[in-house]
K.L.:
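This is the structure I have questions about; it appears just below.
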There are 2 protein chains.
Amino acid sequence: MTILRSPRLADGSARGIPDATVARLPVYLRALNALTEQGVSSCSSIELAENAGVNPAKLRKDLSYLGSYGTRGVGYDVEYLRYQIAREIGQTQDWDVVIVGIGNLGSALSSYQGFSTRGIRVAALVDADPQRVGTEISGLTVSSMDDLDAIVADRAISIGVIATPGTAAQEVADRLVAAGITSILNFAPALVQVPDGVDVRKVDLSIELQILAYHEQRKAGIEPKVSGI
Amino acid sequence: MTILRSPRLADGSARGIPDATVARLPVYLRALNALTEQGVSSCSSIELAENAGVNPAKLRKDLSYLGSYGTRGVGYDVEYLRYQIAREIGQTQDWDVVIVGIGNLGSALSSYQGFSTRGIRVAALVDADPQRVGTEISGLTVSSMDDLDAIVADRAISIGVIATPGTAAQEVADRLVAAGITSILNFAPALVQVPDGVDVRKVDLSIELQILAYHEQRKAGIEPKVSGI
DNA sequence: CTCTGTGAACATATTCACAGCC
DNA sequence: GGCTGTGAATATGTTCACAGAG
């Protein structure tokens, strides 16, 4: 939740892309990859927007924050645009992440197929439970929490994933920050406090379903009222 | 992404709570539960906001959409507010969900501890792979896709979770909708199209990390420039 | 003529600041 | 006096609609 702000474009190189746009750039990248696989080498904002599931105007506005990478009257060169977005979001390099908490969810994340093609490399697994330390999960050996500092330093890891129970989340976040991690993806159902300069994003599996349940309830509750339609 | 809209409060009973507020209500519920466990029976908007990780004004505005459940000069009764929010988001009942795709992620979701206490009950597991059908995961037997219609109908399930590879996602979504599912949580890295009236929410594990990577890149790239501070 | 890039209009969300009740 | 509930102000995000490049 502690996300850096810089939405105004100042001088030359510092861009300042809106958060909402940043969150969609990976979606566009995926859509462009799909088009490449289909052998499409050029596309309009309408086609790309369809593949990404957004409104074409929104897509064009989003891309306009990066620069003018299209051709008026023609559209976008798929490969060129793909490279430009990849460069913008740092996908020209791989990012190493360390996962803390190798329970069911942590194990699933460790072997998640979708990461490698998106510039994410699971570089290390850490767990507090001595029973799990030494275990091998999809080619990686689970390390002890005591080795966290060394792992983060040695492999120059800046992104950590918390996949522990909620009760351990804050403690783990503190350890990650102390080890030098500056970005955290938190799957634990708990709020974690971090110092300024550290970004946290939260994925809460229950909350997503609770939101759907809310809408379900409304559907069920409202339909009887709208008997005319 | 196809979320029903009704932000305007019309006559009496139809409320119309903003999406952003709906997404935070489960967070408040969790914070209230935490306070109850600590033996706190009353709290101010400031205390609750701290526990939920939001601004107190935002919290008060969010709660104002539900009604006036606080007492001026005093604060909120934890138990009473907890009940009111629970009722609003449909947490006074349990919601059955069916998970499709029992790979690593699907298995992890099946045994996720956080659901049961949040009104979510994993009622059925389904997989297209005959090898997996019949397997038992945390007390549930994996069923065949052929049985999907019967399962959804018999257990009156309205929420489905897609945990398949991206390539299967649209096919699975179609099957879920055909079976009568009206809300889908999609973990597959793919866009799914659904008819009007069906809600889809998407959780994309890669994208969350890619967004963090973007911010990491900025931190790394910008610091050398801001040498004065 | 086609399709991008973008100012302007609109919609939603957040935060401020204070009136009103306890 | 203290804290909620909320109008008003601000910030952010989305969509429209069209000027302008090719």
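Just so it is clear: chains get the letters A, B, ... in the order the sequence lines come, proteins before strands, and each one is counted from 1.
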K.L.:
Between A/N55 and A/T71, who's closer to the 5' end of DNA chain D by nearest nucleotide?
P.N.:
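Its nearest nucleotide lies further toward 5', so the answer is A/N55.
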K.L.:
Please determine if a side-chain N or O atom of A/Y69 lies less than 4.0 Å away from the OP1 or OP2 oxygen of C/dC3.
P.N.:
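No, A/Y69 has no side-chain N/O under 4.0 Å of OP1/OP2 on C/dC3.
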K.L.:
Could you work out which one of D/dG5, D/dT15, C/dG5 sits closest to the side chain of B/R72?
P.N.:
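Among D/dG5, D/dT15, C/dG5, the one nearest the side chain of B/R72 is D/dG5.
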K.L.:
Take A/V97 and A/R121, measure what side chain to side chain contact (heavy atoms under 4.5 Å, CB included) needs, and give me the verdict at the end.
P.N.:
CA-CA 6 Å; A/V97 307; A/R121 186 167 49 206; over 6 Å; no
K.L.:
Please answer whether the main-chain N or O of A/A188 pairs with a side-chain N or O of A/K202 as donor and acceptor at a distance below 3.5 Å.
P.N.:
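It does hold such a pair.
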K.L.:
It should be established whether A/S45 places a side-chain nitrogen or oxygen under 4.0 Å from OP1 or OP2 of nucleotide C/dT4.
P.N.:
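Answer is yes, contact under 4.0 Å.
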K.L.:
Using heavy atoms to find the nearest nucleotide of DNA chain C for A/G70 and B/G73 separately, return the residue whose nucleotide is more 5′.
P.N.:
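Per heavy-atom nearest nucleotide, the more 5' residue is A/G70.
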K.L.:
Take atom NZ of B/K58 and atom P of C/dA13, then tell me their distance rounded to the nearest Å.
P.N.:
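Going from B/K58 (NZ) to C/dA13 (P), I get 11 Å.
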K.L.:
Calculate the interatomic distance between B/Y76 atom OH and D/dG2 atom P; express it in whole Å.
P.N.:
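Roughly 18 Å, once rounded to whole Å.
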K.L.:
Measure from CZ on A/R60 to C1' on D/dC18 and round the result to the nearest Å.
P.N.:
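Rounded to the whole Å, the gap is 11 Å.
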K.L.:
Answer yes if the ring centres of B/Y69 and B/Y80 are under 6.0 angstrom apart, and no otherwise.
P.N.:
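When the ring centroids of B/Y69 and B/Y80 are compared, they turn out to be within the sub-6.0 Å range.
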K.L.:
Would you please indicate if the ring centroids of B/Y112 and B/F115 are separated by under 6.0 Å?
P.N.:
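Yes - the distance between ring centres of B/Y112 and B/F115 falls below the 6.0 Å cut-off.
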K.L.:
In this structure, how many angstroms lie between the P atom of D/dT4 and the CG atom of B/L59, rounded?
P.N.:
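Rounded to the whole Å, the gap is 8 Å.
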K.L.:
Consider the side chain of B/D19, meaning its heavy atoms from C-beta on, and name the nucleotide among C/dA13, C/dT14, C/dC3 that approaches it most closely.
P.N.:
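Between C/dA13, C/dT14, C/dC3, the one nearest the side chain of B/D19 would be C/dA13.
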K.L.:
What integer distance in Å separates A/R24:CZ from D/dG13:C1'?
P.N.:
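To the nearest whole Å, that distance equals 8 Å.
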K.L.:
Considering the options B/L35, B/L32, B/I46, B/L59, which one meets the side-chain contact (heavy atoms from CB on, under 4.5 Å) requirement together with B/N51?
P.N.:
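Single side-chain contact (heavy atoms from CB on, under 4.5 Å) partner of B/N51 among B/L35, B/L32, B/I46, B/L59: B/L35.
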K.L.:
Taking atom P of D/dG5 as reference, at what distance in whole Å does atom CG of B/L66 sit?
P.N.:
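B/L66 atom CG is separated from D/dG5 atom P by 10 Å.
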K.L.:
Take the protein atom CG of A/L48 and the nucleotide atom P of C/dT4, then report the distance between them rounded to whole Å.
P.N.:
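Distance, rounded to whole Å: 10 Å.
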K.L.:
Can you tell me the distance, in whole Å, between the NZ atom of B/K61 and the C1' atom of C/dA17?
P.N.:
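Taking atom C1' of C/dA17 as the reference, NZ of B/K61 is at 12 Å.
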